[in-house]
> 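Below is a structure I'd like to ask you about.
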There are 2 protein chains.
Amino acid sequence: MLNQSAALDLTFQALADPARRAMLERLSTGPASVSELARPFSMSMPAVLQHLAVLETAGLTRSRKSGRVRTCEINPQALNTAQDWLAARRAEWEQRLDRLEAYLTELQNKDQGNG
Amino acid sequence: MLNQSAALDLTFQALADPARRAMLERLSTGPASVSELARPFSMSMPAVLQHLAVLETAGLTRSRKSGRVRTCEINPQALNTAQDWLAARRAEWEQRLDRLEAYLTELQNKDQGNG
DNA sequence: TCTATAGTTAAGCAAATGCTTAACCAATCA
DNA sequence: TGATTGGTTAAGCATTTGCTTAACTATAGA
C-alpha cells in the first residue's frame, strides 16, 4: 500500500506526458491491445511499453495477457485520487475567499456605523 | 498562448512533485512570501525558487515583488484545465459503460424472446 | 513446420529534473 | 553606515525520463 502523497506523485507524473494522456483517452473509450495503443504514435514498441508501464504502476490502467496479445483497460478509480486533491485545493481557496468577503462586509458595516 | 496539451503537460508535471503540492496547499489557504513557503522544507532557497518557478510557469501561481519580499498566491483557474481533463476521461468511461449495459440488456431481451 | 505477428528485455544515450554551493544584489533596521 | 534579511543568479552534479536499437520469446496461422 502506497501512501497518499506517493500515489499522487505517480498519478500526476503519469498524466504529465501527452503520449500517456493520449493512451488514456483511447482507453477511456474501451479496452485495447498494446499494438493498437501503439498505432497512432511514431514511436518504437519498447517506448510504448514503457509508457504503459508508467500508467500501470500509477494504477491508472490494468492489463491481462491472453495468448500473445495483452489487453489494457483504464482504471477510472485511480482518477479519483487526482480529482479529489484538485477539488480539495479549490474548496480551501473558495473557503478563504468566503472568509475574506465576510471580513470585508464586517468592516464595511462597522464603517457605516461609525460614519 | 500555449496549446491545450502543452498546458496540461506543465500543469500535471508541476503537480507531480510533493514539495510543489505542499506549497500549493499552503497557498490555497492564502498568499505567502517566498521564505514563508520555504520554511517547512529542509531545502536550500534556490531549490524553493525553482519549485516556485515551475508552479508559476504552469500558471498555477502568480507573484509580485514589493520592497524586498515577493508574495505568491494561487491561481485557482489553472486547476480547471487539469480537473476538466480528468472529468472528461471519466465521462467517456461512464458513457462507454452505459452503452455496454444497454447492449447487454438488449441481448438479454432478444434471448428471452427466443427462449 | 515455417513464418509472420505480438510482445518483451537489455543496454545505452541525450535531455530534463531536483538538488547543491558560492557569490551576489537590494531593502530594512540598529 | 554597516549588518541583516529576503531574494536571486550561475554553475555543477547525480538521478530520472524518454527514447533508441538489437536481440529474443511465444503464439497463431499457412
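What you are looking at is a predicted structure, and each value in this text was computed from that prediction instead of being measured. Protein chains get the first letters and strands the later ones, always in sequence-line order, with residue 1 at the start of each.
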> Using the side-chain heavy atoms of B:His51, tell me which of these nucleotides is nearest: C:dG18, C:dA11, C:dT8.
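Nearest nucleotide to the side chain: C:dG18.
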> Give one of base, sugar-phosphate or nothing for B:Ser44, where a contact means two heavy atoms less than 4.0 Å apart.
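B:Ser44: base contact, heavy atoms under 4.0 Å.
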> Rounded to whole Å, please give me the gap between CD in B:Glu36 and P in D:dG7.
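It works out to 10 Å between those atoms.
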> What is the distance, rounded to the nearest whole Å, between atom CZ of A:Phe12 and atom C1' of C:dT17?
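Those two atoms, CZ and C1', are 18 Å apart.
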> Output the distance between atom CG (A:Leu60) and atom CG (A:Leu79), rounded to the nearest 0.5 Å.
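Result: 6.0 Å between the selected atoms.
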> Each nucleotide N or O in nucleotides 22-27 of chain C that has a protein N or O under 3.5 Å away: list the pair and distance.
from: C:dA27; atom 1: N3; to: B:Arg68; atom 2: NH1; distance (Å): 2.8

> Measure the distance from CD on A:Gln13 to C1' on C:dA16 and round it to the nearest whole Å.
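That distance rounds to 11 Å.
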> Going through the checks in order, is the salt bridge (charged side-chain N to carboxylate O under 4.0 Å, His left out) test met by B:Arg89 and B:Glu92?
CA-CA 5 Å; B:Arg89 295 297 74 69; B:Glu92 265 180 304; 2.7 Å; yes
> Indicate yes or no: at least one non-hydrogen side-chain atom of A:Met23 is less than 4.5 angstrom from one of A:Phe41.
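Counting from C-beta outward, A:Met23 and A:Phe41 do come under 4.5 Å.
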> For A:Ser42 and B:Ser35, take the nucleotide of DNA chain D holding the closest heavy atom to each; which residue's nucleotide lies nearer the 5' end?
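Its nucleotide being nearer the 5' end, the pick is B:Ser35.
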> Can you tell me if the side-chain N/O atoms of B:Ser33 get under 4.0 Å from OP1 or OP2 in D:dG6?
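Indeed not, no polar side-chain atom of B:Ser33 lies that close.
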> Will you find, in the side chains of A:Glu73 and A:Ser63, an N or O donor that is under 3.5 Å from an N or O acceptor?
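Note: A:Glu73 and A:Ser63 side chains miss the donor-acceptor criterion.
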> Using whole Å, what does the distance between atom C1' of nucleotide D:dG6 and atom CG of B:Leu37 come to?
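These atoms are roughly 13 Å apart.
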> Taking side chain as C-beta onward, heavy atoms only, is A:Trp85 less than 4.5 Å from B:Leu15?
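In short, these two side chains touch, coming nearer than 4.5 Å.
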> Return the value, rounded to whole Å, for the distance between atom CG of B:Leu49 and atom P of C:dG18.
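Nearest whole value for this atom pair: 15 Å.
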> Of A:Ala47 and B:Arg70, whose nearest nucleotide on DNA chain D comes first from the 5' end?
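On the 5' side of the pair lies B:Arg70.
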> Let me know the distance between CG of A:Leu52 and P of C:dG7, rounded to the nearest Å.
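In whole Å, C:dG7 P lies 10 Å from A:Leu52 CG.
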> Between A:Arg96 and A:Trp93, is NZ or CZ placed under 6.0 angstrom from the six-membered ring centre and within 45° of the ring axis?
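A:Arg96 over A:Trp93 ring: yes.
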> Provide, to the nearest angstrom, the distance between the CZ atom belonging to A:Arg64 and the C1' atom belonging to C:dG7.
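Taking atom C1' of C:dG7 as the reference, CZ of A:Arg64 is at 17 Å.
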> Round to a whole Å and report the spacing from NZ of A:Lys65 to P of D:dA26.
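My rounded result for the distance is 9 Å.
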> Have A:Ser5 and B:Arg21 got a donor and an acceptor in their side chains that come within less than 3.5 Å?
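The criterion, which ignores hydrogens and geometry beyond distance, is satisfied for B:Arg21 and A:Ser5.
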